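Below is one structure; the comments refer to it alone.
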Amino acid sequence: MVVFEYPVFKSDIKQYNLNLASLGSEYQKREDGYIKIAEKKFEPALKEALKYLKDQDYRQQTVEENFEIAAAELSYSRLEELLEKLI
């Protein structure tokens with residue numbers, strides 16, 4: 001997965017260290033309304049994305065690791081645990 005580190009990602013998701021290809025969080029707004037991301041961020045993200053697409057074993061391992069992290073930290077059952085502590 002390739003991600004631009006938008007504010008909510010940085011505050012709520014990044015801390016879980018999911019396996020991602022990052023485009024960073026800095027950008028410049030162009031005159032035409034589009035944004036421009038620093039070119040130095042493209043190559044590492046592209047290499048990671050290509051590895052993910054081409055290497056089936058790596059992709060499988062990454063998906064499994066991300067799923068385990070998400071199940072432990074971002075699932076409805078985790079939300080239920082947190083809410084039970086509050087109530």
Side-chain angles (χ1 to χ4, degrees):
M1 179 175 5
V2 178
V3 66
F4 176 76
E5 295 184 15
Y6 56 97
V8 173
F9 174 86
K10 288 171 64 174
S11 65
D12 295 352
I13 301 169
K14 187 174 183 174
Q15 65 185 316
Y16 298 113
N17 296 315
L18 294 164
N19 297 302
L20 306 167
S22 175
L23 293 171
S25 61
E26 298 176 13
Y27 67 93
Q28 294 176 339
K29 198 167 196 177
R30 298 182 344 184
E31 289 181 21
D32 59 7
Y34 290 100
I35 63 167
K36 180 179 179 177
I37 298 170
E39 289 183 27
K40 66 182 179 186
K41 294 291 186 176
F42 282 115
E43 189 171 339
L46 178 60
K47 284 182 179 180
E48 181 66 20
L50 287 174
K51 182 177 179 182
Y52 185 82
L53 292 171
K54 290 181 174 183
D55 186 335
Q56 183 177 356
D57 293 335
Y58 177 73
R59 181 175 53 251
Q60 183 66 33
Q61 176 186 344
T62 301
V63 168
E64 288 175 9
E65 288 174 3
N66 283 346
F67 184 83
E68 288 175 15
I69 293 168
E73 303 293 344
L74 303 169
S75 66
Y76 284 117
S77 59
R78 178 67 174 139
L79 176 61
E80 183 179 19
E81 290 172 21
L82 294 170
L83 290 175
E84 284 177 349
K85 291 178 183 179
L86 295 173
I87 299 175

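Since we're looking at a predicted model, the values are computed, not measured.
Note that the OG1 atom of Thr62 and the CG atom of Asp57 stand 10.5 Å from one another [nearest 0.5 Å]. How far CG of Asn17 is from NZ of Lys14: 9.0 Å, rounded to the nearest 0.5 Å. Summarising the geometry, atom CD belonging to Glu84 is positioned 10.0 Å from atom CG belonging to Leu79; distances are rounded to the nearest 0.5 Å. Considering CD of Gln61 and CD of Glu65, their distance stands at 4.5 Å, rounded to 0.5 Å.
In the hydrophobic cluster analysis, where Ile, Leu, Val, Met, Phe, Trp and Tyr join through side-chain heavy atoms closer than 4.5 angstrom, Tyr34 is grouped apart from Leu23. Residue Val3 is grouped with residue Val8 when hydrophobic side chains (ILVMFWY) are merged at heavy-atom distances under 4.5 angstrom, including chains of intermediate members. Hydrophobic cluster membership differs between Leu74 and Leu83, with clusters built from Ile, Leu, Val, Met, Phe, Trp and Tyr side chains linked at under 4.5 angstrom. Both Tyr16 and Tyr6 belong to a single network of hydrophobic side chains, linked directly or stepwise wherever heavy atoms of I, L, V, M, F, W or Y lie under 4.5 Å apart. Connection of Phe67 to Ile69 is not established within any shared hydrophobic cluster, with ILVMFWY side chains joined at heavy-atom distances below 4.5 Å, either directly or through further cluster members.
Pairing each heavy atom of Ser22 with each of Ala45, the nearest pair is O-CB, 3.7 Å. For the residue pair Ala21 and Ala49, the shortest heavy atom distance occurs at CB-N, 4.4 Å. The two atoms that bring Glu5 and Ser25 nearest to each other are O-CB, 3.2 Å, heavy atoms only.
Counting non-hydrogen atoms of other residues, nucleotides and ligands closer than 6.0 Å to CD of Gln15 gives a total above 12. No more than 12 heavy atoms of other residues, nucleotides or ligands sit less than 6.0 Å from atom OH of Tyr27. The number of heavy atoms from other shown groups lying within 6.0 Å of CD (Glu26) does not exceed 12.
In this structure, the side chain of Asn66 does not engage the main chain of Leu18 through any donor-acceptor pair within 3.5 Å.
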Any chance you could lay out the salt bridge (Lys or Arg N to Asp or Glu O under 4.0 Å) test for Glu73 and Arg78, step after step, and finish with the verdict? CA-CA 6 Å; Glu73 303 293 344; Arg78 178 67 174 139; 3.8 Å; yes

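With 3.5 Å as the limit, one finds no donor-acceptor pair spanning the side chains of Gln56 and Gln60.
Side-chain contact between Tyr52 and Leu20 is absent, with no heavy atoms from C-beta onward closer than 4.5 Å.
Between Glu81 and Lys85 no salt bridge is recorded (no basic side-chain N to carboxylate O distance below 4.0 Å).
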